[in-house]
**Student:** 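Below: one structure in structure tokens.
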Amino acid sequence: IFVRGGGVTAPVSLGRGGAVTEIVPGSTVTLGVPCQSKAYFRSRGVSKINGFVPQPRPLAAGRATSDTLAVPGMIVVEGAMGYRPGVGGDDEAYADALSIVVSDARKVDGVVVGQLMDRDSMDALMRVAGLPIQKGLGGFLPGEGRGQPLVKVAVTAVKVIK
């Protein structure tokens, strides 16, 4: 926990408030922290903290591209993590932090930062990728073949193996 400009702030963490924010059936599952303030309040067991200041949105960076072919389980950061143009303020900036590739039918659109390493993780990815999605904007307008899962899918743990 840090104090910044007279307010309280905390690092953004998938392990605290992370969720599946978008599914593109047969392609990717996107994870992020939809709302920094709600994640922080929940981690403290309170409904509100006066003076909370979300981590700022990073400066825009050019979209990263690669000639690497995607393989299932590949973890990709598209462009600059936290740069989600045109959506909300800093509190929602990390809603699309990273994507996990479901199929190997495309090139990587971003920077590869990791890979799911075990069968249990791949099985969980396939179960999540197969969930039904909300259609279109907020479930009202015709969809573009992508959307939030119909049921909330939360990140409960993150484990990094070196």
Side-chain angles (χ1 to χ4, degrees), residues 1-2 4 8-44 52-66 68 70-104 106-118 120-131 133-134 137-138 143-162:
I1 300 169
F2 308 101
R4 187 174 62 136
V8 176
T9 192
V12 178
S13 169
L14 281 176
R16 185 181 61 234
V20 172
T21 57
E22 183 179 64
I23 297 173
V24 180
S27 182
T28 58
V29 171
T30 302
L31 302 162
V33 179
C35 182
Q36 294 181 57
S37 58
K38 287 181 184 176
Y40 180 72
F41 302 156
R42 245 183 270 123
S43 75
R44 296 287 177 232
F52 178 79
V53 179
Q55 289 293 319
R57 179 183 308 273
L59 297 175
R63 191 168 192 83
T65 58
S66 172
T68 304
V71 296
M74 194 174 276
I75 302 170
V76 179
V77 173
E78 299 175 4
M81 187 181 294
Y83 181 68
R84 186 179 191 205
V87 179
D90 287 346
D91 207 15
E92 294 86 22
Y94 295 89
D96 296 337
L98 56 91
S99 296
I100 304 175
V101 176
V102 174
S103 69
D104 56 4
R106 65 184 184 91
K107 287 189 176 183
V108 172
D109 187 16
V111 177
V112 177
V113 296
Q115 172 79 36
L116 297 182
M117 298 301 293
D118 61 13
D120 290 342
S121 297
M122 289 300 296
D123 290 345
L125 173 65
M126 293 306 162
R127 284 194 305 273
V128 170
L131 291 173
I133 60 172
Q134 296 178 18
L137 183 63
E144 298 290 326
R146 62 185 341 135
Q148 296 177 346
L150 281 176
V151 295
K152 181 180 178 183
V153 181
V155 177
T156 58
V158 177
K159 182 176 180 183
V160 177
I161 300 172
K162 295 182 182 183

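Excluded from the calculations below are hydrogen atoms, water molecules and symmetry mates; all remaining heavy atoms, backbone and side chain alike, are included.
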**Student:** Taking the six-membered ring for Trp, are Phe41 and Phe52 parallel (under 30°), tilted (30 to 60°) or perpendicular (over 60°)?
**Tutor:**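 Because their plane-to-plane angle is over 60°, the rings of Phe41 and Phe52 count as perpendicular.
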
**Student:** Could you measure the distance from the CD atom of Glu22 to the OG atom of Ser99? Nearest 0.5 Å is fine.
**Tutor:**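 Here the interatomic distance stands at 7.5 Å.
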
**Student:** Please find the pair of heavy atoms, one from Ser103 and one from Gly26, that lie closest to each other, and give the distance.
**Tutor:**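 In terms of heavy atoms, the two residues are closest at OG-O, 2.7 Å.
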
**Student:** When you measure from the side chain of Asp91 to the backbone of Ser37, do you find a donor-acceptor pair of N or O atoms at a distance under 3.5 Å?
**Tutor:**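 Between the backbone of Ser37 and the side chain of Asp91 there is a qualifying donor-acceptor contact (under 3.5 Å).
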
**Student:** First locate atom CD of Gln148, then atom CD1 of Ile23, and finally report the distance between them rounded to the nearest 0.5 Å.
**Tutor:**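 Going from the CD atom of Gln148 to the CD1 atom of Ile23 covers 9.5 Å.
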
**Student:** Any non-hydrogen side-chain atom of Leu31 less than 4.5 Å from a side-chain atom of Val155?
**Tutor:**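 They are in contact (side-chain heavy atoms under 4.5 Å apart), so the answer is yes.
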
**Student:** Please name the pair of heavy atoms, one in Gln115 and one in Pro72, separated by the smallest distance, quoted to 0.1 Å.
**Tutor:**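 So the two residues come closest at NE2-O, 3.0 Å.
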
**Student:** Working to the nearest 0.5 angstrom, can you tell me the gap between Glu92 CD and Lys38 NZ?
**Tutor:**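 That separation rounds to 8.5 Å.
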
**Student:** Taking the side chain as C-beta and beyond, is there a heavy-atom pair between Val112 and Ile75 under 4.5 Å?
**Tutor:**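 Result no, sub-4.5 Å side-chain heavy-atom pair not found.
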
**Student:** Taking atom types as modelled, find out whether Asp96 and Thr30 have a side-chain donor-acceptor pair closer than 3.5 angstrom.
**Tutor:**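 No, no side-chain donor-acceptor pair sits under 3.5 Å.
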
**Student:** Before you tell me yes or no, could you show the steps for Leu98 and Leu14 under side-chain contact (heavy atoms from CB on, under 4.5 Å), namely the whole-Å CA-CA distance, both residues' side-chain angles and the distance that decides it to 0.1 Å?
**Tutor:** CA-CA 10 Å; Leu98 56 91; Leu14 281 176; 3.8 Å; yes

**Student:** Give the minimum heavy-atom separation between Pro25 and Arg146, together with the two atoms involved.
**Tutor:**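 Smallest heavy-atom distance, with atoms named: CD-CA, 4.4 Å.
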
**Student:** Mind listing the closest non-hydrogen atom pair of Gln36 and Gln55 along with its distance?
**Tutor:**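 Scanning both residues completely, I find the closest heavy atoms to be OE1-N, 2.7 Å.
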
**Student:** Of all heavy-atom pairs between Ala95 and Pro34, which one has the smallest distance, and what is that distance?
**Tutor:**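 Heavy-atom minimum between the residues: CB-CA, 4.0 Å.
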
**Student:** So if I apply the side-chain contact (heavy atoms from CB on, under 4.5 Å) rule between Val29 and each of Val153, Leu131, Val128, which one comes out positive?
**Tutor:**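 Running side-chain contact (heavy atoms from CB on, under 4.5 Å) over Val153, Leu131, Val128 with Val29 returns exactly one hit, Val128.
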
**Student:** Atom CD1 of Ile100 and atom CE of Met122: how far apart are they, to the nearest 0.5 Å?
**Tutor:**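 Interatomic distance, Ile100 CD1 to Met122 CE, rounded to 0.5 Å: 9.0 Å.
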
**Student:** Kindly determine whether Leu125 and Val102 satisfy side-chain contact (heavy atoms from CB on, under 4.5 Å), including the steps that lead there.
**Tutor:** CA-CA 7 Å; Leu125 173 65; Val102 174; 4.3 Å; yes

**Student:** Is atom CE of Met126 surrounded by more than 12 heavy atoms (other residues, nucleotides or ligands) closer than 6.0 Å?
**Tutor:**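 Check passes, neighbour count above 12.
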
**Student:** Between Val101 and Ala70, which heavy-atom pair has the shortest distance, and what is it?
**Tutor:**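 So the minimum-distance heavy-atom pair works out to CG1-CB, 3.7 Å.
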
